[in-house]
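These numbers come from the heavy atoms of this one structure, side chains and all, not from hydrogens, waters or symmetry mates.
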Amino acid sequence: MTLCLRGKKGFSLISLVQLGTVDYASGLRLQQQLVDLRKEQKIGDVLVLLEHSPVITLGRNAKAANVVASPELLAQRGIELFECDRGGDVTFHGPGQIVGYPIFDLRGFATPDGKRKTLGAVEFVRRLEEVLIRTCADFAIPTKRVPGLTGAWTDAGSHDAHVGTAAPGCPVEQSSTATADNTPEYIGKEDRQGHDFSRAEKTPGREPASAAEVRPEAKLAAIGVHISRFVTSHGFALNVNTDLSYFNLIIPCGITAKPVTSMQQELGRELDLNAVAESISRNFGTVFSGQMLWVDTLDALLGRTVGVPMKPPAEIRQLHKEDGTTWA
């Protein structure tokens, strides 16, 4: 039996489970289990929110040179290094950052004009951006899209302190809107046989103005997704209270001329991660026309137990590493 149900006024039901800090390997195993169950229609659409232990991940299009720290330094700081099947280049996940993994069947989401019943890959990413932009707005942080790039970005010249700003003269990295098969660089996509056809991700663009003229947009949230047989995995990472010094160990997303920031950096104060998670949930419900159902535990989710609409769990659940049989 599937959880792909319809809520009030035709809204779909999206189960949400919020976990504690999860090591990246366990997060990958969890995603694969949920993706398999979603493909088999044994569960409905699911949004997983969590934090990761410090880890640098390399997408399908990643360049090893964009990890600038030595293996010895990474080991000294307790940072793992993982290759994964999402689109995009290099990024960092760690404490204080909310990572969201939407496990959605895109065939359940119609396009805004109603002409197609299946949401396209680019349209899906645009909706993720909208969720993040609205969430930042809930905390009085104005953000926007940047043409040719993905994620949520602050306005140029409006903030004082970011990390990762390139030296003058570094080119602005711009990705093409789509590749020959209409698959942008931030999407790791497979055909029905499971073949990957993601492409090289960026082409050099124009030279930026000098720092004295304009301060570049700063990235608050990154996006990198994978799609297989219409089912999505991976997702987004929103820097809330993230230690931004970690991003100095990499060239984030392979972009040299635009820095990284956090909600804490923008507001000058630490934020409640649960409050941000609740905002993300509300905005997912709005943008994806869904009724959000908070599920207290993974067991409840995998047992196809329907949660309570818009009621967050009493506490963030810790995902414990399971044995190979459970996660096979």
Side-chain angles (χ1 to χ4, degrees), residues 1-7 11-17 19 22 24-50 57 59-61 83-88 99-111 116-131 150 178 181-198 223-237 280-281 284-285 287-293 295 298 301-304 306-307 319 326-328:
M1 183 178 178
T2 179
L3 276 181
C4 188
L5 305 175
R6 307 302 295 181
F11 279 23
S12 62
L13 300 185
I14 301 174
S15 296
L16 186 153
V17 59
L19 307 174
V22 180
Y24 195 71
S26 294
L28 286 177
R29 291 195 297 269
L30 171 61
Q31 285 190 79
Q32 189 56 58
Q33 185 181 26
L34 295 177
V35 166
D36 291 344
L37 291 171
R38 189 68 190 97
K39 288 178 178 178
E40 296 168 2
Q41 297 189 351
K42 292 182 178 179
I43 62 171
D45 295 316
V46 177
L47 174 62
V48 179
L49 298 181
L50 49 76
T57 67
R60 286 189 181 272
N61 303 315
E83 295 183 1
C84 59
D85 61 0
R86 64 166 171 79
V99 176
Y101 293 137
I103 312 298
F104 289 1
D105 188 333
L106 297 182
R107 292 171 294 186
F109 298 93
T111 56
R116 289 187 289 111
K117 294 183 178 180
T118 298
L119 198 65
V122 175
E123 295 162 322
F124 173 64
V125 170
R126 294 287 91 84
R127 289 197 186 188
L128 293 182
E129 289 174 337
E130 185 64 22
V131 168
T150 62
D181 60 3
N182 293 321
T183 306
E185 53 86 16
Y186 45 83
I187 298 172
K189 194 172 179 183
E190 297 178 351
D191 63 12
R192 291 180 182 274
Q193 286 72 42
H195 301 305
D196 172 63
F197 50 87
S198 56
I223 293 174
V225 303
H226 181 78
I227 301 172
S228 175
R229 288 161 47 193
F230 301 104
V231 176
T232 67
S233 59
H234 297 282
F236 65 87
I280 290 172
S281 173
F284 255 93
V287 173
F288 285 89
S289 299
Q291 185 176 3
M292 305 303 295
L293 308 177
V295 180
L298 283 173
L301 174 66
L302 300 179
R304 297 182 294 281
V306 176
L319 174 65
T326 303
W327 295 105

Nearest-0.5 Å distance, [atom1] of residue [X] to [atom2] of residue [Y]:
X	Y	atom1	atom2	value
Glu123	Leu106	CD	CG	9.5 Å
Leu13	Gln291	CG	CD	5.5 Å
Phe230	Leu119	CZ	CG	11.5 Å
Ser289	Arg127	OG	CZ	6.5 Å
Tyr101	Leu28	OH	CG	6.5 Å
Ile103	Thr232	CD1	OG1	5.5 Å

Here's a test for you: under side-chain contact (heavy atoms from CB on, under 4.5 Å), which of [options] qualifies with [X]?
X	options	answer
Leu302	Val46, Val295, Leu37	Leu37
Asp45	Phe109, Phe288, Phe284	Phe109
Leu30	Val48, Val35, Val22, Val17	Val48

Are any non-hydrogen side-chain atoms of [X] and [Y] less than 4.5 angstrom apart?
X	Y	result
Pro102	Leu128	yes
Leu301	Leu34	yes
Thr150	Arg126	yes

For the residue pair [X] and [Y], what are the closest heavy atoms and their distance?
X	Y	answer
Ala121	Ile227	CB-CD1, 3.6 Å
Lys39	Ser228	NZ-OG, 2.9 Å
Gly44	Arg38	O-CD, 3.1 Å
Leu49	Gly100	CD2-CA, 3.8 Å

For the CD atom on Glu83, are there more than 12 heavy atoms of other groups (residues, nucleotides or ligands in this structure) within a distance under 6.0 Å? no
Start with the C-alpha gap between Ile280 and Phe236, add the side-chain angles, then the distance that decides, and say whether side-chain contact (heavy atoms from CB on, under 4.5 Å) holds. CA-CA 11 Å; Ile280 290 172; Phe236 65 87; 4.1 Å; yes
Determine whether a donor-acceptor pair (N or O, by modelled atom type, separation under 3.5 Å) exists between the side chain of Arg107 and the backbone of Lys117. no
